[in-house]
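Data block below; observations after.
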Amino acid sequence: MIRDPQAIWFDHVAPELGFTDADALAQAFDLKRYRLAQIYRAANKELLAGPADVTTLPKQLREALTERGLSFSSVDPVVIRRSSDAQTTKGLFRLHDGNDVEAVLMEHYGERTTVCISSQAGCAFACAFCSTGQAGFTRNLTSREIFDQARYFARELAARGKRITNVVFMGMGEPFHNYDAVMGAVALLNDPHGLGLGHRHITISTVGLVDKIDRFADEHLQVNLAISLHAPSDAVRAAIMPVNRRFPIAELMAACERYVEKTHRKVFFEYVMLDGINDTHECARELAALMRGRLYHVNLIPYNTTPDGPFAGTADDRIWAFAAILEAAGIPITVRKNMGRDIAAACGQLRAETQPKAHSA
Ligand code: SAH
């Protein structure tokens, strides 16, 4: 499916101001088509702050747009927190209706920078170990609300001569539960007339919605797919991830096989290490058996403990022992570095501090 990023952006430019699409905006301000392209470029390629800064527009138009409240961002940073080592910056962003979502910037050594963005306010899937899941679902974000979290960090990095190299959909929400808006956000991120981020530098992480994995395979995009597996057996997985009752592991793995067959792309499996839950040697051997002989890669993730939660993270030496079993079985794995522990950087943790309960939908 072809998605026109400029149309998507103008569709969401300011519904609260009555501008529901490019035509409505053009009509209200008597704009020619090329003016729309100028505005889009100023916002998303030049990353200017707002219409007032677009010197290529006539002064009168700049003033009219500013006066009507047209903003280049649909999300408003309300808390920005930097980790003590300055490698992780977490943002809490307010949406026009008062809901908050989180996004995180991780600056690795060298040029690589990864922004982690949210696709929903809250989440409907209730994974037992996840703060967002425990707070419940509020609403879907629009393509632009998703994209604008990345745009915020793109501007922040640009001011320091840097740029975003990677985006992951690993913030709040389930991307495949808001499928169309997420694909629209991917189109915005990728647009060469805007941010211009390559599909291969984007990763969508899912709790494992089998029907949507099939749909995604049919898109034939170069976007990476990550599956939150977190357990190698139905008994353990269902205990921590309610979604497993709808899509058990055998169905999930069959969908992953179909995806690899269709796209010839690698699948990444996320596995958060929970003390005494999914970190036994037996789990490692079962996981190795599920992964064997396929185009799969396992990411072992140290658990970011959530306050008051019943779970503890597996100790580092036992994570490495678990990793060694997978390695001995020939499974490609990475042990993820824990970043931003001092700023509540894991999914939903900052919002849980500032906005204890999700609004009911
Ligand atoms: N709904 C999507 C994306 C959400 S979160 C999904 O399930 O993949 C991205 C990843 O962070 C998921 O693998 C999720 O299980 C994991 N996660 C959630 N809370 C965490 C925590 N406290 N510590 C470490 N990883 C966590």
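In each ligand, atom 1 is the first atom listed, and ligand 1 is the first ligand listed. What's counted below: heavy atoms across the whole structure, side chains too, no hydrogens, waters or symmetry copies.
Only side-chain heavy atoms of V272 come within less than 4.0 Å of ligand 1; its backbone N, CA, C and O stay farther off. Contacts of T206 with ligand 1, taken as heavy-atom pairs under 4.0 Å, involve the backbone alone. Contact annotation: for E174 versus ligand 1, heavy atoms closer than 4.0 Å belong to both the backbone and the side chain. For M172, no heavy-atom contact with ligand 1 is shorter than 4.0 Å.
Residues Q87 and H108 have side chains that never bring a donor and an acceptor to within less than 3.5 angstrom of each other. Side chains of D275 and Y303: no donor on one and acceptor on the other come within 3.5 Å.
Between P175 and ligand 1, not a single N/O pair is under 3.5 Å apart. The N/O atoms of S131, backbone and side chain alike, include none that comes under 3.5 Å of an N/O atom in ligand 1.
Partner of F176 under the ring pair (Phe, Tyr, Trp, His ring centres under 6.0 Å) criterion, chosen from F169, F125, F216: F216.
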Quiz: residues 25-35 side-chain donor-acceptor pairs under 3.5 angstrom, not counting sequence neighbours:
{"residue": "R33", "atom": "NH2", "partner": "D23", "partner atom": "OD1", "Å": "2.7"}
{"residue": "R35", "atom": "NH1", "partner": "Q38", "partner atom": "OE1", "Å": "2.8"}
{"residue": "R35", "atom": "NH1", "partner": "T56", "partner atom": "O", "Å": "3.4"}

Show every donor-acceptor pair shorter than 3.5 Å between a side-chain atom in residues 235-252 and any protein atom, with sequence neighbours excluded, or say none if there are none.
{"residue": "R237", "atom": "NE", "partner": "L229", "partner atom": "O", "Å": "2.8"}
{"residue": "R237", "atom": "NH1", "partner": "N244", "partner atom": "OD1", "Å": "2.8"}
{"residue": "R237", "atom": "NH2", "partner": "V207", "partner atom": "O", "Å": "2.9"}
{"residue": "R237", "atom": "NH2", "partner": "S228", "partner atom": "O", "Å": "2.9"}
{"residue": "N244", "atom": "ND2", "partner": "D234", "partner atom": "OD1", "Å": "3.0"}

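Evaluated by nearest non-hydrogen atom to atom 19 (N) of ligand 1, the leading choice among A124, C130, C116, G173 is C130. Selection from E270, H230, M170 by nearest heavy atom to atom 15 (O) of ligand 1 gives H230. Looking at S119, S205, G171, it is G171 that brings a heavy atom closest to atom 4 (C) of ligand 1.
Residues R265 and Y259 are in side-chain contact: their nearest non-hydrogen atoms beyond the backbone lie under 4.5 Å apart.
Salt-bridge annotation for R82 and E107: present, with a side-chain N of the basic residue lying under 4.0 Å from a carboxylate O of the acidic one.
Contact annotation: C123 has no heavy atom less than 4.0 Å from any atom of ligand 1.
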